[in-house]
Amino acid sequence: MLISLKNIHKSYTIGSGSYLALKGVNLQIEKSEFVAIMGPSGSGKSTMLHILGCLDTPSEGTYHLNGKNVGTLNDNELSTIRNSQIGFVFQSFNLLPKFSVLDNTMLPFLYSDVPKNERKKRAVESLEKVGLGSKLDNKPNQLSGGQIQRVAIARSLVMKPNIILADEPTGNLDTKTGDEVMDIFSRIHSEEKATIIVITHEPEIAEYTDRTIMLKDGLIVNDTKSA
Ligand SMILES: Nc1ncnc2c1ncn2[C@@H]1O[C@H](COP(=O)(O)OP(=O)(O)O)[C@@H](O)[C@H]1O
Ligand SMILES: [Mg+2]
């Protein structure tokens, strides 16, 4: 089992009170699954993804990643896991405007021990995978929204992560461009055997995946594998 969440609660402090965003989530995801997380706004999707990505910690419950109890790891160990095992793609693309496509794609290497002479090669490979091999020297403002999101996907791939977590990656894109992005995820899923977890509002986007998990009010209310 790659991911195992047991009785995960997450509460946020607001002023003198607190808000329970996750209310006891149990979930198991195997290596190489392609999963969509759906649910209304405010249902806890991003909160859950942040916990899965070790960007945040649960208030209660246990998270085992690759058999390791994440709750027992220190900040250093968590950032090593984030950097070496997990690729993140967000709705807003988070590219640095003054950096070229190639340099943006190489950013994760800053915190890695990947040898200097490997870095460019791996970044170019990732950009070729998303169809941007000819845009290495362009700046983000010379690209379309879909191309920018593909740079973000290439950047999430350079560390060869086991897990790719994407929070509404097509949320700012038109349907056709969103489909292109999902085609890329599908290809990465089948070629690299990566585990991919995508949050989306759109049923058509969820159709690309093999399993749809529905969240409502901080709980999983449905979990369906497609035939
Ligand atoms: N940092 C935070 N502080 C306080 N409340 C938060 C914080 N992050 C999220 N929330 C609240 O938790 C609930 C779930 O948020 P979120 O996980 O972002 O939902 P979703 O991604 O499904 O829209 C929402 O009611 C939101 O307002
Ligand atoms: Mg969200």
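Values below: all heavy atoms of this structure, side chains included; hydrogens, waters and symmetry mates excluded. For ligands, and for the atoms within them, numbers begin at 1 and follow the listed sequence.
- With hydrogens and angles disregarded, no donor-acceptor distance shorter than 3.5 Å links the side chain of Ser4 to the backbone of His64.
- Side-chain atoms of Asn138 and Gln147 include no donor-acceptor pair closer than 3.5 Å.
- Nearest non-hydrogen protein atom to atom 19 (O) of ligand 1 is Gly44 N, 3.3 Å.
- Considering each of Ser11, Gly39, Ala21, Gly42, the one bringing a non-hydrogen atom nearest atom 24 (C) of ligand 1 is Gly42.
- Looking at Tyr63, its side chain does come within 3.5 Å of a backbone N or O of Leu52 through a donor-acceptor pair.
- For Lys193 (side chain) and Asn162 (main-chain N/O), no donor-acceptor pair under 3.5 Å exists by modelled atom type.
- Partners of Thr212 according to the side-chain hydrogen bond (donor to acceptor under 3.5 Å, both in side chains) rule, which considers only residues two or more places apart in sequence or in another chain, do not exist here.
- Remark: the backbone N or O of Phe90 is paired with a side-chain donor or acceptor of Gln149 at under 3.5 angstrom.
- Ligand 1 places these atoms under 4.0 Å from at least one heavy atom of Tyr19: 12 (O), 13 (C), 25 (O).
- Contacts of Phe34 classified as ring-ring contact (aromatic ring centres under 6.0 Å, His included), with partners at least two apart in sequence or in another chain: His189.
- Using a 4.0 Å cutoff on heavy atoms, Gly218 does not count as a contact of ligand 1.
- For atom 27 (O) of ligand 1, the nearest protein heavy atom lies 4.0 Å away or farther.
- Looking only at protein heavy atoms, the nearest one to atom 9 (C) of ligand 1 is Tyr12 CE1, 3.3 Å.
- For atom 17 (O) of ligand 1, the nearest protein heavy atom (residue, atom name, distance) is Thr47 OG1, 2.6 Å.
- Protein heavy atoms come within 4.0 Å of atom 13 (C) of ligand 1.
- Of all atoms in ligand 1, numbered sequentially from 1 with element shown, those under 4.0 Å from a heavy atom of Pro40 are 22 (O).
- Environment of OH in Tyr111: sparse, with no more than 12 heavy atoms of neighbouring residues, nucleotides or ligands closer than 6.0 Å.
- Judged by distance alone, the side chain of Arg119 and the main-chain N or O of Val114 form a donor-acceptor pair under 3.5 Å.
- Atom numbering of ligand 1 starts at 1 in the shown order; those under 4.0 Å from a heavy atom of Ser46 are 17 (O), 18 (O), 20 (P), 21 (O).
- The tally of protein N/O/S atoms under 2.8 Å from the Mg ion (ligand 2) stands at 1.
- Close approach to Ser43 involves these atoms of ligand 1, each under 4.0 Å from a residue heavy atom: 19 (O), 22 (O).
- Remark: the backbone N or O of Arg211 is paired with a side-chain donor or acceptor of Thr209 at under 3.5 angstrom.
- In this structure, Ser41 is part of the shell of residues with a heavy atom less than 4.0 angstrom from ligand 1.
- With sequence neighbours excluded, no residue satisfies side-chain hydrogen bond (donor to acceptor under 3.5 Å, both in side chains) with Tyr19.
- When atom types are taken as modelled, the side chain of Asn69 and the backbone of Gly71 share a donor-acceptor pair closer than 3.5 angstrom.
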